[in-house]
Every structure is written in C-alpha cells, then in structure tokens.
Amino acid sequence: MISIRMTLPRDLTAFGYGSVLDPYKRRCGLAKFGFSLKNRSLGWVTGVAGGIAQPPGMGQEAALNHAKDAWQLRYARPSMTNIRTRFAPSPTGFLHIGGARTALFNWALTRRLGGEFVLRIEDTDLERSTRESEQAVLDGMRWLGIDWDEGPLRQTDNAERHAAVVEDLLSKGRAYRCVCTREELESRREADIAANGKGIYDGTCREKNYGDDCGTHTVRLRIDRDSSLRWDDLVFGPSGQDASEIGDGIIRRSDGTPLYHLAVVVDDLDMGITHVVRGADHHSNTPFQLAIYRALDADIPIFAHVPLIVAESGRKLSKRKDPVSIQQFEADGYLPEAMINWLARLGWSHGDQEVFSRDEIVELFDLTHVGRSGAQADPAKLEWLSQHYIKERSSKALFEAVKPFLENVTGGPVERDDRLDRTLDLLRERSNHLVEMAEKARFVLCDEIEIEAGAAKKHLRPVALEPLEALIPVLKGLDAWTLESLEAAFEATCKSLGDLKLGKLAQPVRVAVTGTSASPGIFETVEVVGQELAVARIRKAVELIKARIAEG
RNA sequence: GCUCCCAUCGUCUAGUGGCCUAGGACGUGGCCCUCUCAAGGCCGAAACACGGGUUCGAGUCCCGUUGGGAGCGCCA
C-alpha cells in the first residue's frame, strides 16, 4: 500500500472531531473518509495531516483527487444545522415495507436531528399513479405513526419549473438537443457492445448544436467527461465513478416532459433537502444526478442509500408473492409499534437491543449503524414482536386496537367491559396478532358457539359423561363465581369421582365451554364465560355425548 | 455484456486489528412447569463463503476467486 502525504487546511478542525490518528498504520486523517469504508458516521475528520491509502489501480494523483473530491462533495455544505429530509414515494400501489422502512429511517433521522421531514409524491408517471394509491401511502404512514412537516407535495405541480430548468441548461450549453431515434440508439448500442464497448450514449448529437427547430428531439445533459462523479455516501462510504463511465443522459423526453432524474434533483434543490436518504436501488443512478447538480451549479446534498429489503430468494421483493403491503399487515392484525420495531431493526441495529419504542428509535437512530447488505424480512420475528407489544398494551389501548377484529367475529358492535378486559388479558400471551386474538375470544364474544368436530370427537366421549354431569349441579350451586370457588368445585367433583385426574374433567369442560381443545386455564376460562352460560354449554355437551352413545 | 455494490448461525444482527473459546435476538431441538394452548425458566445445535497477502496478531485491513444484488430506458 502506497501512502501519500498531504496537509489539510487548518480550518478543517472547524468541522469537528473525527477519526483517531494512527500515523503508523496509514489510516488516518483524510484516508479515513477518503477511502476507508468504515468511516460512515455523521462525525467529521480530524484537522491534522494524515496519510492516504491508495486504492489499487488508481494512480497517486487520482487518489489525491478522489480524496479532495470526496472532501468537497461531503463537506462543502456551509451548515447543516437545518436538516431537511424527504420521503418521495411514487403512488403506484400500496405503501410496501421497503418504502415504509425508507420513510421510517428518514423520519427517525430527522426527528433525532431536529430537522424537517417533507413528503413528496412522485406522480410524474401519470399512467400508473392514482389518487387511491396516494391515499394508501398516506394512510400507511399515519398508521405507522410517521408524521411529516410539509406536504404532501406533488411532483407534477412542479412541471413548469422542471421545464424552465431544462431550457436554462439548454441556453447555457450545458444540455443539448438530440435527434437520435430509439431505433438508432438501440442499434448503435448493440454494435458498441458487440465491439466490447460499454453501450453508453456515443455522443452523436453532442456537438451538433441543434436548435429548437430540429424536429422531434430529446434533451441530453452535456456531462464533462473528465469530471469525477463521486460522493461519500453515509451508508456505503466513498461511492461513484468517473464521468467517462456514463454517457450523456436524457433529461427531457421527446414529448417535452422531464425525466425523473432531472425532476428529483430540481425538487430536492427547491425544497432545500440536505440529506437524501433513499433505497440503494438509486445508488447507481446517483452519479448522473450528481452531474445534474453540477450543471445547476448547486451544492449536493448528503446521500445515504439504505440497502434493499430482499425476498426469501435473496432477490428483490415481489409485490405478488411476498407479503409487503403495510395495509395488509394492518388488516392481518399486527400492531403498528410492532411493525415499526420490526422495520427499524431490519438493516439498523443498536448493539444487542431488539425492542425499540417509537421514542427510542428516534432517540437512538443513526446512519452509522445501518448495514450495507440487503436484508430479508422475517415474518416469524414480526410475530414475536407483535405478541410482545400485545402483552405490553394497556387494556384500553389493546381494546381499541382489537375492537374492529372483535366486531368482525361477532358481526356487530362490541363494547368494552370488565369481562372482556379479563378475557383479553388471558389472550395476550396466546396471540401473535389481533386476528388470532379475536378468534380466540369468540367463546366469550358469542353466546352461540360451534364445537370443533375434532375436539368433540377427542374429548366429548362417553367417559366424559359422568364427570360433566357431576359438575353441573356443583357449578349451579356456586354462590361465588371466582377462580377460587371454581377451583374448589372442580377439585371436589374430581374427588367425588374417585380422585379423577383434573385433566379428565378439564378437557371435556374446555371443549364444552369454548368449542376448542385449547384455551386459557380452565378456571379462568369458565370464570370469564359466566355461570349461566357455562352451565348451559356443559349441558349441551352432555346432550351431545348422550346422542353419540345412542347412535352407538 | 458494462458499471457499481454486497458477503458473520436458517433469519436479523453485534463486531472499528489483541477484550472472539465469535455475543444477542427470532426461529429451531431437549428438559422443567402443567388441566389444554400459550407464556415463562433452564440447556443445546447452529456462522466469520473460499484462497492469498499485510501484521507479532485478522471476523476486522488489502488483493483475487466464488456467490448474490442493483443500475445500465424517451419508468419512477
């Protein structure tokens, strides 16, 4: 490894503290952020001379330039006391977990740093964008508790501004008209690739200086081929490439509409966005956007690309195959706090901590601990978190969340009362999500219950007849309907049946009273069902067994 | 094809050259508890992709290989 020495400007210390200097190891000062993949923190570099590691294949001069570039791109911003971030989804479907996580990271970063978070709807794809989708995105964010300070702004509202920028670029000679047709482009590209070329735009129209009268044309950005389009990504570290690696990209279509790359850059600039936190699928697009920033004489924002969430196959998520819609998770009965926690912990970590409240995420979130590799979303972990938060909720809050699911079971309105609270308490540690909880509460919710065939077959057998019949009068005669009195009643009944094992009585009763073979403890279960109903259900079970005996 | 990126248990991850005999969590196996189902407790199996280098010392730095991903559009 060759090292280059350089002296940093004295005022660099003004940027604050940074890496530890270790002159013997040649990884210090500039080198830390110039090339080391490790220094991705929001912290700064120390203002002392240091050595620069030279990446392989890069000359000393180039290495030096890269380092300077990285320094300028990252630190040239005057001040970052006023943080502004944005989440810019395109409303072409529901809010999916990838987008939700990007929103969450933006939001958490902004809230932590005390900045402003703005929401911008990228609706320039008129064909696929719908107002319903837009609403779904907003609903999803609200449900998750991710709030924004401005917006939703719509990209289409900026159309005039985009057009003006392109005209301006054209007039300054920083962009030019291109009359190449798609077919020509395609064939030349193929030929280039066949000749071991890179298949980038060959610059045919670059020096033609076509005027407005050239007929159907697109507008391309005139990229300085000697420039370096690099930046220091807050997640990926030093990123980007030389301009010679990319061709002059189109910024305006032949129908006069601007391209996405132009629109985002202009919008981010206009909105004063300081930190662009977005999915890593934009990582390779960033150099071109950097070129646009340059053409606009603008400072570039700080970029942080967060790795994609991948499907089980390791590939990108498929909306069809994978469960990705936030609204679907909501409908499936997952609590928003579980969802947020799950998403936050996907790609980000804070030591060994697994459980984070919304406040803790805001308090602790930092880009430094966002990983660089794609992550699979594990549904099992969501279930665990979901149950964790179900266990944690107050009775009131739990009821509010589960209410619609309960009503879905009963088919009518459900009001909260003491008995229901007790039931839900029993169900907390037995439910992974609210749908499950509501279903398990059915035996309390509905007067009429259906006995599962399998459970009946297994437990409502002739042997259970005597115990059940013996229990009925005991329960009926109970003055106090409490856990203690019920326990005593069951024990006495067992004893009177020749020390019958509790299970032999409890299981049939459970099936009789709940219709299923799994429920909370038998005393709790019977207690919560109530005396009258419990007795009636056991009677019914007795009839059932008798009928079964009669049938043979 | 070209460009860029990534790589620790099945999964999410801790890890900033010695605290690593690689830690935690989910999941998973066993045991305990037990009227069922859970919850809980205890114990276990389970990973640094491979190969070179640098170094007294490498999961950690460098190179290569392999594997994976993204981008290369008049989509966003």
Side-chain angles (χ1 to χ4, degrees), chain A residues 1 19-20 25-27 36-39 53 55-56 88-90 92 122-125 127-129 155 178 181-182 185-186 189 192-194 196-200 217-219 236 239-241 245-247 249-255 257 259-261 263-264 279-288 305 307-308 310 312 314-316 342 345-355 369 371-385 387 391 426-431 440 455 459 490 501-507 509-511 514 516-523 525:
Chain A
M1 184 194 293
S19 323
V20 177
K25 304 210 170 167
R26 295 177 297 191
R27 283 184 302 94
S36 169
L37 289 173
K38 292 229 156 182
N39 186 40
S90 55
T92 54
E122 313 234 304
D123 56 351
T124 41
D125 185 351
E127 306 236 321
R128 298 193 300 153
S129 300
Q155 195 158 56
C178 170
T181 65
R182 290 172 212 251
L185 255 16
E186 178 74 8
R189 179 165 185 270
D192 186 40
I193 288 174
N196 282 328
K198 290 173 182 171
I200 58 179
H217 65 272
T218 57
V219 173
F236 283 95
S239 303
Q241 52 203 301
E245 300 288 346
I246 68 174
I250 293 177
I251 54 176
R252 191 174 76 187
R253 299 185 186 88
S254 51
D255 67 1
T257 56
L259 259 91
Y260 165 76
H261 295 295
V264 242
D281 45 343
H282 290 284
H283 195 247
S284 335
N285 288 329
T286 308
F288 181 53
H305 289 89
L308 267 19
V310 299
E312 226 175 307
R315 301 249 181 96
K316 65 179 170 185
W342 187 50
R345 212 36 206 69
L346 218 57
W348 173 72
S349 63
H350 182 72
D352 284 341
Q353 190 171 343
E354 294 289 344
V355 175
H369 292 95
R372 288 166 303 233
S373 46
Q376 284 182 40
D378 180 12
K381 197 152 190 173
L382 206 217
E383 298 239 308
W384 175 75
L385 280 165
Q387 181 178 62
K391 286 197 278 189
L426 294 173
L427 262 18
R428 286 173 190 268
E429 62 198 28
R430 291 166 235 266
S431 310
K440 284 185 168 162
H459 299 290
F490 272 73
K501 298 258 280 181
L502 179 58
K504 300 284 185 193
L505 175 62
Q507 267 317 82
V509 171
R510 188 186 316 279
V511 173
T514 70
T516 70
S517 54
S519 86
I522 194 64
F523 311 127
T525 300

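With rounding to the nearest 0.5 angstrom, the CD atom of E245(A) is 7.5 Å from the CD1 atom of I200(A). Atom CD of Q507(A) sits about 8.0 Å away from atom OG of S519(A), to the nearest 0.5 Å.
Nucleotides rG69(B) and rC33(B) are separated by 49 Å at their P atoms, to the nearest Å. On the C1' atoms, rG52(B) is 14 Å away from rU66(B), given to the nearest whole Å. The gap from the C1' atom of rG41(B) to that of rC6(B) amounts to 40 Å, rounded to the nearest Å. Nucleotides rC26(B) and rA46(B) are separated by 13 Å at their C1' atoms, to the nearest Å. Across rA47(B) and rC9(B), the matching P atoms stand 9 Å from one another, rounded to whole Å. The separation of rG73(B) from rC12(B), taken at their P atoms, amounts to 31 Å, rounded to a whole angstrom. Taking atom C1' on both nucleotides, rU65(B) is separated from rC74(B) by 40 Å, rounded to a whole Å. Comparing the P positions of rA45(B) and rG30(B) gives a spacing of 15 Å, expressed to the nearest Å.
With S90(A) contributing its side chain and T92(A) its backbone, the two residues share no donor-acceptor pair below 3.5 Å. A donor-acceptor pair under 3.5 Å is formed between the side chain of R510(A) and the backbone N or O of P520(A).
Under 4.0 Å is where a charged nitrogen must lie from a carboxylate oxygen, and between E354(A) and R345(A) at least one such pair does.
Ring pair H305(A)/H283(A) is perpendicular by interplanar angle, where above 60° counts as perpendicular and below 30° as parallel.
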Margin query: Apply side-chain contact (heavy atoms from CB on, under 4.5 Å) to residues E122(A) and V264(A) and explain how you reach the verdict.
Written below: CA-CA 9 Å; E122(A) 313 234 304; V264(A) 242; 3.8 Å; yes
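Judged by Watson-Crick or G-U wobble contacts below 3.5 Å, the nucleotide rC56(B) has rG18(B) as its partner. Pairing of rC2(B), defined by two Watson-Crick or G-U wobble distances under 3.5 Å, is identified with rG71(B). The partner of rC31(B), taking Watson-Crick or G-U wobble pairs whose two distances both stay under 3.5 Å, is rG41(B). Across the strands present, rC50(B) finds its partner in rG64(B); the criterion is a Watson-Crick or G-U wobble pair with both atom distances under 3.5 angstrom. Base pairing of rC26(B): its partner is rG10(B), meeting the Watson-Crick or G-U wobble criterion (both donor-acceptor distances under 3.5 Å).
In N196(A), the CG atom is not crowded: 12 or fewer heavy atoms of neighbouring residues, nucleotides or ligands sit closer than 6.0 Å.
Straight-line distance from the CG atom of D192(A) to the P atom of rU3(B): 12 Å, rounded to whole Å. We find that NE2 of H305(A) is positioned 15 Å from C1' of rG69(B), with the value rounded to whole Å. Spacing between atom CZ of R345(A) and atom P of rG24(B) amounts to 14 Å, rounded to whole angstrom units. In this entry the distance linking CZ of F236(A) with P of rU3(B) reads 19 Å, nearest Å. Nucleotide rC12(B) holds its C1' atom 9 Å from the CD atom of Q376(A), rounded to whole Å. At whole-Å resolution of the value, CG in L346(A) and P in rA14(B) are 12 Å apart.
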Margin query: Please encode protein proximity along nucleotides 71-76 of chain B as a string of B, S and -, counting only heavy-atom distances under 4.0 Å.
Written below: SBSBBB
Note to self: Counting primed atoms plus P, OP1 and OP2 as sugar-phosphate and everything else as base, spell out the protein contacts along nucleotides 25-41 of chain B at 4.0 Å heavy-atom distance: B, S or - for each nucleotide, 5' to 3'.
What the structure shows: BB--------BBBBSS-
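Looking at residues two or more places apart in sequence or on another chain, you find no ring-ring contact (aromatic ring centres under 6.0 Å, His included) involving H459(A).
A 4.5 Å side-chain heavy-atom check between R252(A) and H217(A) finds at least one atom pair inside the cut-off.
Taking the nucleotide of RNA chain B with the nearest heavy atom to each of G351(A) and G240(A), the more 5' of the two is matched to G240(A).
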